[in-house]
Asks: 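Got a structure for you, written out below as structure tokens; questions coming shortly.
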Amino acid sequence: MADRGSLKFVGFIFATVTMAVMLTATMVVKSYADGVYTIEDTAFVRQ
């Protein structure tokens with residue numbers, strides 16, 4: 001069975017990754033809301 005020190009370290013790593021993903025998602029959503037990014041309608045037309 002793992003000791004508490006190792007479990008705390010693994011928990012810290014998971015928490016750090018989770019916070020990074022949440023921060024990135026928040027920044028992307030805010031950028032879309034502010035109009036920095038736009039979703040273009042690109043239709044492929046066959047010729």
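The residues of the chain are indexed from 1 along the displayed sequence.
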Asks: Identify, with sequence neighbours excluded, every residue that meets side chain to side chain donor-acceptor pair (under 3.5 Å) alongside Lys8.
Replies: none
Asks: Indicate if Val36 and Tyr32 have the same hydrophobic cluster label, given that clusters are the connected sets of ILVMFWY residues with side-chain heavy-atom separations under 4.5 angstrom.
Replies: yes
Asks: If you measure from CE on Met19 to OG1 on Thr26, what distance do you get to the nearest 0.5 Å?
Replies: 8.5 Å
Asks: Name each donor-acceptor pair under 3.5 Å that joins a side chain in residues 10-17 to protein atoms two or more places apart or in another chain, with its distance.
Replies:
residue, atom, partner, partner atom, Å
Thr16, OG1, Phe12, O, 2.8

